[in-house]
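Following: one structure in structure tokens, then a few remarks.
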Amino acid sequence: MNRWLVRLALAWLMPLSAMAAPQAPPRDLVIGGDLAEIVAALGEAERLIGRDDTSQFPAAIEVLPSVGYLRQLAAEGVLSLRPERLLVADQAGPAEVLTQLEASGVEVIRIATPPRLEAIPDKVRAVAAALERAERGEALARRLEAEIRELAALPTLPPLRAMFLLGHGGATPRVAGRETAAQAMMDAVGVTNAFAEMPGYRPVGGEALIRQAPEVVIATRGGLEAMGGEARLWQLPGLALTPAGRARRLVVFDDQALLGFGPRTPATLLALYERLERLAMGQPAAARGEP
């Protein structure tokens, strides 16, 4: 009788235990470097099965298989990883590919990613809500809001004309004008964009460099490496005749941390402000690189 009762109890308990077993999280794939950084900052990188080419930080993200560039996705490449959900930045596309993925049964969660400093906390909250980690997201968002307030409260920099170097083709550098993420970055720290009169990212020749007379060059590590390093930078036609070139004033930061408007951006802009302040006061900048 006792054995029969034990078997009966087990028969009732087994379905209950199966129902109570936690479900595995969905197979998530992230498209957008800022979103990938937020997922990692929330402690959820392990749930990701893939990324796009812009998602390269931290190391736990970089080692994941990539499905290509976020603006040039192919449904076949994405589906090869068998994702259940996609977290995608609103720049991702083409749109017809995302529609095709949804028709294939993949849940596509679109996150607004405007290149504005004040939009970062809400972006964090949106990602956290999608991952059902609202409490962690709120804590991270509030920390970032505090850093953004700290940046906004800093004294105005002395007048300083900056040039943001995106990259170059041959001997012609590409620099940032207005309506760019680089312009938003320069606005956030209160430095003047020497090329604000032109829209977008454009190649500029030596005469334009001399005429606009930037006093400091802001560059990303990837852009500087692509052109052959700092020594090659100062060899660009006309740059040696600018105040920046004569004084060799250069500050360099990680690409995504500076322009990605992700969780590292507010702290990176605080570090950029400090280095620009030193240069504006005639002092050498601190060590280059991420804060």
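Of the possible polar contacts, none joining the Glu179 side chain to the Pro199 backbone as a donor-acceptor pair under 3.5 Å is found. Judged by distance alone, the side chain of Asp255 and the main-chain N or O of Gly222 form a donor-acceptor pair under 3.5 Å. Proximity of a side-chain donor or acceptor of Arg202 to a complementary backbone N or O of Val175 within less than 3.5 Å is not detected. A donor-acceptor pair is defined here as one N or O able to donate and one able to accept, closer than 3.5 Å; no such pair exists between the side chain of Ser55 and the backbone of Arg51. In this structure, the side chain of Arg221 does not engage the main chain of Val252 through any donor-acceptor pair within 3.5 Å. Arg27 places a side-chain N or O within donor-acceptor distance of the main-chain N or O of Leu81, the cut-off being under 3.5 Å. Panel note: side chain Asp28, backbone Glu84; no donor-acceptor pair is recorded below 3.5 Å. Arg275 places no side-chain N or O within 3.5 Å of a backbone atom of Val251 that could act as its donor or acceptor partner. Distance alone, capped at 3.5 Å, places no donor-acceptor pair between the Arg249 side chain and the Pro243 backbone. A donor-acceptor pair is defined here as one N or O able to donate and one able to accept, closer than 3.5 Å; no such pair exists between the side chain of Tyr273 and the backbone of Ala188.
Shortest non-hydrogen contact noted between Pro266 and Ile120 is CD-CD1, 4.0 Å. Here the closest heavy-atom approach between residue Arg232 and residue Met227 is recorded as CB-O, 3.3 Å. Shown here for Val216 and Ala244, the closest heavy-atom pair between the two residues is N-CB, 3.5 Å. In terms of heavy-atom proximity, Gly32 sits nearest to Ala89 at CA-CB, 4.3 Å. Here the shortest heavy-atom pairing between Ala196 and Gln183 reads CB-OE1, 3.7 Å. The heavy-atom pair separating Pro263 from Ile38 by the smallest distance is CD-CG1, 3.7 Å.
Under the 4.5 Å side-chain criterion, counting only non-hydrogen atoms from C-beta, Phe253 is not in contact with Thr220. When side chains are defined from C-beta on, Thr180 counts as touching Tyr201, because their heavy atoms get closer than 4.5 Å. Using a 4.5 Å heavy-atom threshold, the side chains of Val108 and Val88 count as touching. Side-chain contact between Leu233 and Leu239: present, with at least one pair of heavy atoms (C-beta onward) separated by less than 4.5 Å. Glu207 places none of its side-chain heavy atoms less than 4.5 Å from the side chain of Ile210. By the 4.5 Å heavy-atom criterion applied to side chains, Ile31 and Val67 are counted as neighbours. Within the 4.5 Å cutoff, no side-chain heavy atoms of Ile109 are placed close to those of Leu86. Using a 4.5 Å cut-off on side-chain heavy atoms (C-beta onward), Asp254 and Thr268 make no contact.
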Open item on the list: side-chain contact (heavy atoms from CB on, under 4.5 Å) for Glu197 and Gln212? Distances and angles first, verdict last.
Closed with: CA-CA 10 Å; Glu197 64 184 30; Gln212 298 307 117; 3.9 Å; yes
Step by step, would you call Arg178 with Asn193 a side-chain contact (heavy atoms from CB on, under 4.5 Å)? CA-CA 8 Å; Arg178 65 179 184 273; Asn193 183 359; 5.7 Å; no
Practice task
Evaluate side-chain contact (heavy atoms from CB on, under 4.5 Å) for Ile111 paired with Asp90, printing each intermediate quantity in order.
Solution key: CA-CA 6 Å; Ile111 306 291; Asp90 51 12; over 6 Å; no
Query - Evaluation steps, side-chain contact (heavy atoms from CB on, under 4.5 Å), between Leu48 and Leu29 - result: CA-CA 5 Å; Leu48 296 177; Leu29 194 153; over 6 Å; no
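By the side chain to side chain contact (heavy atoms under 4.5 Å, CB included) test, Arg211 pairs with Ala208, sequence neighbours left out.
Atoms CD and CG, on Glu150 and Leu270 in that order, are 4.5 Å from each other to the nearest 0.5 Å. Taken to the nearest 0.5 Å, the CG atom of Leu101 stands 12.5 Å off from the CD atom of Glu107. Note that CG of Leu117 is 11.0 Å distant from CD of Glu145, once rounded to the nearest 0.5 Å. To the nearest 0.5 Å, atom OH of residue Tyr69 and atom CD of residue Gln91 are 8.0 Å apart. How far CD1 of Ile148 is from CZ of Arg116: 11.0 Å, rounded to the nearest 0.5 Å. Distance check, rounded to the nearest 0.5 Å: CD of Glu118 to CG of Leu151 gives 11.0 Å.
Salt bridge present: Arg110 and Glu102 bring a charged side-chain N and a carboxylate O closer than 4.0 Å. A salt bridge does not link Glu132 with Arg85: none of the charged nitrogens is closer than 4.0 Å to a carboxylate oxygen. The pair Asp34-Lys123 meets the salt-bridge criterion, since a charged nitrogen lies less than 4.0 angstrom from a carboxylate oxygen. Salt-bridge annotation for Arg136 and Glu44: present, with a side-chain N of the basic residue lying under 4.0 Å from a carboxylate O of the acidic one. Checked for salt-bridge contact, Arg278 and Glu274 miss the test: no charged N lies under 4.0 Å from a carboxylate O.
The hydrophobic cluster containing Val191 also contains Phe261, counting ILVMFWY residues as joined when their side-chain heavy atoms lie under 4.5 angstrom apart, directly or transitively. Connection of Leu87 to Leu140 is established within a shared hydrophobic cluster, with ILVMFWY side chains joined at heavy-atom distances below 4.5 Å, either directly or through further cluster members. Ile49 and Ile61 end up in different hydrophobic clusters when Ile, Leu, Val, Met, Phe, Trp and Tyr side chains are linked at under 4.5 Å. Linking ILVMFWY side-chain heavy atoms closer than 4.5 Å, directly or via other members, places Leu157 and Leu272 in a single hydrophobic cluster. Under the 4.5 Å side-chain heavy-atom criterion for Ile, Leu, Val, Met, Phe, Trp and Tyr, Leu166 and Leu70 are members of distinct hydrophobic clusters.
The environment of CD in Glu46 is sparse: at most 12 heavy-atom neighbours from other residues, nucleotides or ligands sit within 6.0 Å.
Taking the ring centre of Phe57 as origin, the terminal cationic atom of Arg264 falls inside the region bounded by 6.0 Å and 45° from the ring axis.
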